[in-house]
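Below is one structure; the comments refer to it alone.
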Amino acid sequence: MELSRPASLQLLSFCAIIAIGAFLRLPPALFVDQAPLHCLQGVHPPPGFHGLGYDENLYRGYVDALRQAGLLSYPDLAEKYVSLQMTLPTAILPPTRFVYIAAAYLCHEVSGADALTSLKVISSLFSVLTLILTAFFASALGPPRIGLGVTALMACAVTQIHMSQHALIDGVFGFFALLCLWLLWKNLQQPNDWRWLGPYILTLALLVLTKENALFAYLGLLAALAVAKVYRLGEVNRLLVAATFIGPLLGLTMLVSLCGSFTTTLHIYQLLVAKAAVLPYAIKTGDGPWYRYFVDLLLISPLIFFFALGAIFTLRRSQSSNIFLAAFVGASFLIMCKIRFGMNLRYANMWDFPLRFLAATYLASLAARFRWSNLYFALAIVSLCLLDLRQYQLLFVSFGLYELVPEGLMRALQILK
């Protein structure tokens, strides 16, 4: 079927925005000398941090272990972790983060790249997938201009680009959290349809297999489901509720199988919880007041945060999309801000889409007061994108920031000298 001219322009606009965002997310290795895209080296903003992060080194070790013994050796990897962790005074990240480690292993098998490069390619790939998912989700929640605006804001989102440039799992986790949220919305709008229920169950299982932070995202999903029931944002039936519980149970069952036994899985999490609480770096950087995330978000993208708050404080019952997203962010925030020595802006990567959608809708409501509302809205979106890119340049290119902790952010922005 031939698209109308406005529809064609919208599709081209989405494609152009995604292409720009994907370019910003390409792995740094593609821009070195003798690499396929080395001619664009001066255009792509290279991260200023060139070292190897602590977590990156551990992920590389897990991938190297699979390279030597194969995926079927995963129970042995889990047993070795328990044995090693029991001898260490503080926590190291566990091999239960299966999706990221296994994806990097498969990337190595296909491409022949080393473990660290494979991890970075996976981080980049899932960041691009998040951007593509943004276009679909935002278009489903609002009119085309909102969809384009949110996609543009996500294309330039500071932490999204940062996660894509390093061997860090949080961007991958953010993708699965967003995919779960989108599939929940689709099931609310199209109930009892296994084309959406099946992927929803599977994605919930993959969320559990990605990172232990799945609990935070899951509580957010439960809150969104409850709000959907109260405000009648869609049909909440027994099948959807059952799927919401079956998915995580399936993920836990698969995780136990990968670790070899329930006892080993339990030991991994017990050791992680107990020894993470005495990790010196976590004690120094992972604590703070309940509003710690507000401060971090203000430092990263101040205007996005302000406009998102404006949308939350002016919520109306008719704004079903905003209510749904605000419930997800609010519930996950309430638990995340209570984790002692466990706060880091990397964990809030899954809020990037909801906050930018809320900000875009608030901007649209402000622009609607003027005659040329579409023009003012477009100018506001472009301005926010440029400001975010400037923030990325200051924080991660010029200053070379790696960890997203308040002291580093404030030093990069010259709030602290």
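Quick caveat, the model's predicted, so the values are computed rather than measured.
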Inter-residue atom distance [X].[atom1] - [Y].[atom2], 0.5 Å rounding:
| X | Y | atom1 | atom2 | answer |
| --- | --- | --- | --- | --- |
| Leu178 | Thr203 | CG | OG1 | 11.0 Å |
| Ile169 | Asp55 | CD1 | CG | 9.5 Å |
| Leu58 | Leu93 | CG | CG | 4.5 Å |
| Glu235 | Leu239 | CD | CG | 10.0 Å |
| Leu204 | Leu221 | CG | CG | 6.5 Å |
| Leu153 | Ile381 | CG | CD1 | 4.0 Å |

- [ ] Go through the steps for Leu394 and Leu401 under the test side chain to side chain contact (heavy atoms under 4.5 Å, CB included), then give the verdict.
- [x] CA-CA 9 Å; Leu394 289 173; Leu401 197 65; over 6 Å; no
TODO: Could you check Trp196 against Trp185 for ring pair (Phe, Tyr, Trp, His ring centres under 6.0 Å), going step by step and ending with a plain yes or no?
DONE: CA-CA 10 Å; Trp196 300 112; Trp185 178 263; over 10 Å; no
Check for a donor-acceptor pair, side chain of [X] on one end and backbone N or O of [Y] on the other, with a separation under 3.5 Å.
| X | Y | answer |
| --- | --- | --- |
| Asn344 | Tyr347 | no |
| Ser123 | Leu168 | yes |
| Gln391 | Leu299 | yes |
| Gln189 | Ala140 | no |
| His108 | Ala113 | yes |
| Tyr200 | Leu181 | no |
| Ser139 | Ala135 | yes |
| Tyr74 | Pro95 | yes |
| Ser398 | Gln393 | yes |
| Ser383 | Leu379 | yes |

Where is the tightest heavy-atom contact between [X] and [Y], given as atom of each residue plus distance?
| X | Y | result |
| --- | --- | --- |
| Thr130 | Gly171 | OG1-O, 4.2 Å |
| Ala214 | Val208 | CB-CA, 3.9 Å |
| Thr265 | Leu255 | OG1-O, 4.1 Å |
| Pro75 | Ser257 | CG-O, 4.4 Å |
| Val278 | Pro89 | CG2-O, 3.4 Å |
| Leu395 | Ala412 | CD2-CB, 3.5 Å |

Salt bridge check: are [X] and [Y] linked by an N-O gap of less than 4.0 Å?
| X | Y | result |
| --- | --- | --- |
| Asp388 | Arg356 | yes |
| Asp114 | Arg60 | no |
| Glu109 | Arg67 | no |

Within the 3.5 Å criterion, strictly below it, is a donor on [X] or [Y] matched to an acceptor on the partner's side chain?
| X | Y | answer |
| --- | --- | --- |
| Asp193 | Asn187 | no |
| Arg25 | Ser127 | yes |
| Thr159 | Tyr392 | no |
| Thr244 | Tyr218 | no |
| Asp76 | Ser73 | no |

TODO: Would you indicate whether Lys275, at its atom NZ, is surrounded by more than 12 heavy atoms from other residues, nucleotides or ligands within a distance under 6.0 Å?
DONE: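 Yes, NZ of Lys275 has more than 12 neighbouring heavy atoms, counting only those of other groups under 6.0 Å.
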Open item on the list: Within a 6.0 Å radius of atom OH on Tyr281, are there more than 12 heavy atoms belonging to other residues, nucleotides or ligands?
Closed with: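 Atom OH in Tyr281 is crowded, with more than 12 foreign heavy atoms closer than 6.0 Å.
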Give a yes or no on whether the ring-centroid distance for [X] and [Y] is below 6.0 angstrom.
| X | Y | answer |
| --- | --- | --- |
| Phe353 | Phe137 | yes |
| Phe49 | Phe396 | no |
| Phe333 | Phe294 | yes |
| Tyr105 | Tyr62 | no |

Could you check if a side-chain atom of [X] sits within less than 4.5 angstrom of a side-chain atom of [Y], using non-hydrogen atoms only?
| X | Y | answer |
| --- | --- | --- |
| His162 | Arg346 | no |
| Ile18 | Met154 | no |
| Leu363 | Leu384 | yes |
| Asn322 | Tyr362 | no |
| Val405 | Leu409 | no |
| Phe126 | Ser164 | no |
| Leu345 | Ile300 | yes |
| Thr96 | Tyr269 | yes |

TODO: Give the C-alpha distance, both sets of side-chain angles, the deciding distance and a yes or no for side-chain hydrogen bond (donor to acceptor under 3.5 Å, both in side chains) between Thr264 and Ser261.
DONE: CA-CA 5 Å; Thr264 300; Ser261 69; 3.0 Å; yes
TODO: Check the pair Tyr402 / Glu56 against side-chain hydrogen bond (donor to acceptor under 3.5 Å, both in side chains), numbers first and verdict last.
DONE: CA-CA 11 Å; Tyr402 177 73; Glu56 291 181 306; 3.2 Å; yes
Open item on the list: Check whether Phe377 forms a cation-pi arrangement with Arg145 (NZ or CZ under 6.0 Å from the six-membered ring centre, at most 45° off the ring normal).
Closed with: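 Output yes; distance and angle both within limits.
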TODO: Given side chain to side chain contact (heavy atoms under 4.5 Å, CB included), test Tyr231 with Ser320 step by step and report yes or no.
DONE: CA-CA 8 Å; Tyr231 287 91; Ser320 58; over 6 Å; no
- [ ] I would like to know whether Leu26 and Gln165 meet side chain to side chain contact (heavy atoms under 4.5 Å, CB included); could you show each step before the answer?
- [x] CA-CA 7 Å; Leu26 288 176; Gln165 301 297 289; 5.8 Å; no
TODO: Any chance you could lay out the salt bridge (Lys or Arg N to Asp or Glu O under 4.0 Å) test for Arg411 and Glu407, step after step, and finish with the verdict?
DONE: CA-CA 6 Å; Arg411 290 193 185 280; Glu407 182 181 355; 3.2 Å; yes
TODO: Give me the one residue out of Tyr293, Phe305, Phe328 that meets ring pair (Phe, Tyr, Trp, His ring centres under 6.0 Å) with Trp351.
DONE: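 Single pass found, and it is Tyr293.
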- [ ] Verify side chain to side chain contact (heavy atoms under 4.5 Å, CB included) between Asp352 and Ile304, making sure each step is shown before the conclusion.
- [x] CA-CA 10 Å; Asp352 281 342; Ile304 294 287; over 6 Å; no
